[in-house]
*Asks:* 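Sharing a structure, written as structure tokens. Questions coming.
Here is how names work: the chains are called A, B, and so on, in the same order as the sequence lines, proteins then strands, and each is numbered from 1.
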Amino acid sequence: METIAVIDFETTGLVPAQGDRATEIGVVLVRDGQIVDRYQSLMNAGRHIPAFIEHLTGITNAMLRAAPPAAQVMAEVADFVSALPLVAHNASFDRKFWDAELARIGHERTQDFVCTLLVAKRVLPEAPSYKLGSLIAFAGLPAAARAHRALADAEMAAHLTVHLQRTLMERFELAGVPHTLLGRIQKTPKSQLEPCLRRTIASPGRAPSSLITADA
DNA sequence: TGCCAGGCCCTCTTTAGGGCCTT
């Protein structure tokens with residue numbers, strides 16, 4: 001059964017190219033709709049956390065001074081994730097930091113990222129907001145006790161991923177929704193998604209991902 | 001102290017602009 005790695009970073013800011021660094025990472029492994037493993041660690045990259053981000057996340061500069069070095073943490077988490085497909089909410093953000101922090105230890109990402117924000121916009125078009133917490137509330141999924149911490153946000157994104165997969169399976173009578181199909185869905189224009197998946201139902205002999213590729 | 005960027009998406013669009021989302 002397919003295993004995916006849902007990740008979330010807390011950081012000092014928005015732009016690694018301007019010196020922002022990761023301060024914490026959380027990873028949740030999901031298999032067959034269930035969380036099967038977790039990884040979380042603060043990481044000390046020697047970068048000061050602005051006060052408003054300390055307030056936002058609860059991660060303080062004092063906490064980072066006692067945290068393991070970023071390089072050590074990234075080596076551990078790269079080993080934990082290995083080549084598993086990656087998922088994140090607003091993945092363009094986490095992808096930037098994942099690639100930047102990996103590059104600092106001489107590693108390079110080989111797998112794709114799936115973005116739950118882009119998939120949710122297509123699968124849940126009636127949602128009032130696409131913030132992670134708002135989608136969790138909208139879908140009636142369990143909310144984390146402390147948002148804006150890496151593992152809590154990764155767990156919420158994992159629950160959202162499973163909800164999106166199950167919604168697609170029920171709506172389109174699909175046997176399964178692998179990460180490759182989620183990847184195709186996030187790249188398919190919203191206006192084309194419904195007819196593409198409807199044709200999937202009418203062509204049971206063809207794999208959903210190949211159908212989306214051909215029609216997109 | 002507060003902001004930073006960038007991809008996506010919508011519309012009063014496409015020769016553009018602005019909001020959302022992430023910390």
Side-chain angles (χ1 to χ4, degrees), chain A residues 5-28 40-64 67 70 73-74 77 86-104 109 112-139 141 143-144 146-161 163-164 182-196 212 216:
Chain A
V6 185
I7 77 164
D8 184 79
F9 276 110
E10 304 304 319
T11 71
T12 63
L14 298 175
V15 191
Q18 293 186 354
D20 289 324
R21 297 293 304 275
T23 58
E24 185 180 49
I25 186 166
V27 184
V28 171
Q40 180 184 34
S41 181
L42 293 167
M43 60 176 83
N44 184 359
R47 184 83 160 87
H48 181 79
I49 306 175
F52 77 96
I53 293 183
E54 279 191 322
H55 181 73
L56 174 71
T57 65
I59 299 171
T60 66
N61 286 288
M63 290 165 67
L64 283 200
V73 173
M74 286 307 300
V77 76
L86 288 162
V87 177
H89 192 67
N90 196 17
S92 63
F93 173 84
D94 292 280
R95 185 178 59 232
K96 284 188 301 186
F97 280 92
W98 179 264
D99 289 349
E101 295 293 346
L102 274 191
R104 288 176 176 273
R109 174 173 57 88
D112 293 329
F113 258 97
V114 163
C115 176
T116 51
L117 190 155
L118 294 180
V119 176
K121 281 188 172 182
R122 288 156 172 78
V123 176
L124 305 174
E126 67 279 25
S129 163
Y130 293 93
K131 292 180 181 177
L132 179 58
S134 298
L135 284 167
I136 290 296
F138 176 76
L141 299 170
R146 178 67 168 95
H148 292 299
R149 287 300 299 264
L151 186 60
D153 283 3
E155 288 188 354
M156 287 196 292
H159 290 310
L160 176 60
T161 302
H163 176 77
L164 293 169
L182 292 176
R184 300 297 182 188
I185 288 172
Q186 74 179 8
K187 294 175 183 175
T188 302
K190 290 175 69 174
S191 61
Q192 296 179 26
L193 183 64
E194 186 84 10
C196 285
I212 296 293

*Asks:* Expressed in angstrom and rounded to an integer, what is the separation of A:Leu117 atom CG from B:dC20 atom C1'?
*Replies:*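 Whole-Å distance recorded here is 8 Å.
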
*Asks:* Between B:dT23 and B:dT15, how far is it from one C1' atom to the other, in whole Å?
*Replies:*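 Taking atom C1' in both B:dT23 and B:dT15, they lie 35 Å apart.
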
*Asks:* Scan for salt bridge (charged side-chain N to carboxylate O under 4.0 Å, His left out) pairs involving residues 129-138 of chain A, sequence neighbours excluded, and state none if there are none.
*Replies:*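 Those involving residues 129-138 of chain A do not exist here.
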
*Asks:* What's A:Gln18 touching, base or sugar-phosphate or nothing? Going by heavy atoms closer than 4.0 Å.
*Replies:* base

*Asks:* For atom P, what is the distance between B:dG7 and B:dC3, given to the nearest Å?
*Replies:*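 Roughly 22 Å separates the two P atoms.
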
*Asks:* Could you check how far CD1 of A:Ile7 sits from C1' of B:dT22, rounded to whole Å?
*Replies:*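 Atom CD1 in A:Ile7 sits about 12 Å away from atom C1' in B:dT22.
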
*Asks:* When the C1' atoms of B:dT1 and B:dC8 are compared, how many Å lie between them, rounded to an integer?
*Replies:*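 Each nucleotide's C1' atom is 30 Å from the other's.
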
*Asks:* In whole Å, measure the gap between the C1' atoms of B:dT22 and B:dC4 for me.
*Replies:*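 Result for the C1' pair: 13 Å, nearest Å.
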
*Asks:* Is atom NE2 of A:His48 surrounded by more than 12 heavy atoms (other residues, nucleotides or ligands) closer than 6.0 Å?
*Replies:*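 Yes, NE2 of A:His48 has more than 12 neighbouring heavy atoms, counting only those of other groups under 6.0 Å.
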
*Asks:* With distance as the sole test, does A:Arg122 use its side chain to make a donor-acceptor pair with the main-chain N or O of A:Ile185 at under 3.5 Å?
*Replies:*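 Indeed, once roles are kept as given, a pair shorter than 3.5 Å links the two residues.
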
*Asks:* Does any non-hydrogen side-chain atom of A:Leu42 lie less than 4.5 Å from one of A:Arg149?
*Replies:*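 A:Arg149 vs A:Leu42: side chains touch.
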
*Asks:* Could you pick out which residue, A:Asp20 or A:Tyr130, lies toward the 5' side of DNA chain B when each is mapped onto its nearest nucleotide?
*Replies:*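 It is A:Asp20, whose closest nucleotide lies nearer the 5' terminus.
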
*Asks:* Using the C1' atom on both, measure B:dT13 against B:dG19 and round to a whole Å.
*Replies:*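 Result for the C1' pair: 15 Å, nearest Å.
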
*Asks:* Walk along nucleotides 6-11 of chain B from 5' to 3' and tag each nucleotide B, S or - by protein heavy-atom contact under 4.0 Å, base first, then sugar-phosphate.
*Replies:* --SSS-

*Asks:* Could I get the full list of salt bridge (charged side-chain N to carboxylate O under 4.0 Å, His left out) partners for A:Arg21, not counting sequence neighbours?
*Replies:*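 Checked A:Arg21 against salt bridge (charged side-chain N to carboxylate O under 4.0 Å, His left out); matches are A:Glu101.
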
*Asks:* Applying a 4.0 Å non-hydrogen cut-off, can you work out what A:Phe9 is touching in the nucleic acid: base, sugar-phosphate, or nothing?
*Replies:*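 The residue A:Phe9 makes sugar-phosphate contact but no base contact.
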
*Asks:* Does A:Leu14 reach a base, just sugar-phosphate, or nothing at all? Heavy atoms under 4.0 Å.
*Replies:*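 Result for A:Leu14 = base.
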
*Asks:* Going by salt bridge (charged side-chain N to carboxylate O under 4.0 Å, His left out), name the residues that satisfy it together with A:Arg109, two or more places apart in sequence or in a different chain.
*Replies:* A:Asp99

*Asks:* What interatomic distance, in whole Å, is found between P of B:dT14 and the corresponding atom of B:dG18?
*Replies:*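 Result for the P pair: 13 Å, nearest Å.
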
*Asks:* Measuring only between side-chain heavy atoms, which start at C-beta, is A:His89 closer than 4.5 Å to A:Asp153?
*Replies:* no

*Asks:* Using heavy atoms and a sub-4.0 Å distance, could you list which residues of residues 147-157 of chain A are near DNA chain B? By number, please.
*Replies:* A:His148, A:Asp153

*Asks:* If you assign each of A:Thr57 and A:Val15 to its closest nucleotide in DNA chain B, which residue comes earlier from the 5' end?
*Replies:* A:Val15

*Asks:* Mind checking salt bridge (charged side-chain N to carboxylate O under 4.0 Å, His left out) for A:Glu10 and listing every partner two or more places apart, or none if nothing turns up?
*Replies:*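 Result, salt bridge (charged side-chain N to carboxylate O under 4.0 Å, His left out) vs A:Glu10: none returned.
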
*Asks:* Please round to the nearest 0.5 Å and tell me the distance separating atom CG of A:Leu135 and atom CG of A:Leu117.
*Replies:*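 Reported to 0.5 Å precision, the distance equals 7.0 Å.
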
*Asks:* Just call it for A:Asp8: base, sugar-phosphate, or nothing, with non-hydrogen atoms closer than 4.0 Å on any strand.
*Replies:* sugar-phosphate

*Asks:* Base, sugar-phosphate, or nothing: which does A:Thr12 touch, judged by heavy atoms less than 4.0 Å apart?
*Replies:* nothing

*Asks:* With a non-hydrogen cut-off below 4.0 angstrom, is A:Ser129 in contact with a base, only sugar-phosphate, or nothing?
*Replies:*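 Touches sugar-phosphate only.
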
*Asks:* Can you tell me, in whole Å, how much space there is between the P of B:dG2 and that of B:dC21?
*Replies:*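 Here B:dG2 and B:dC21 have their P atoms 23 Å from each other.
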
*Asks:* Could you give the CG-to-C1' distance, from A:Leu132 to B:dT23, as a whole number of Å?
*Replies:*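 In whole Å, B:dT23 C1' and A:Leu132 CG are 13 Å from each other.
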
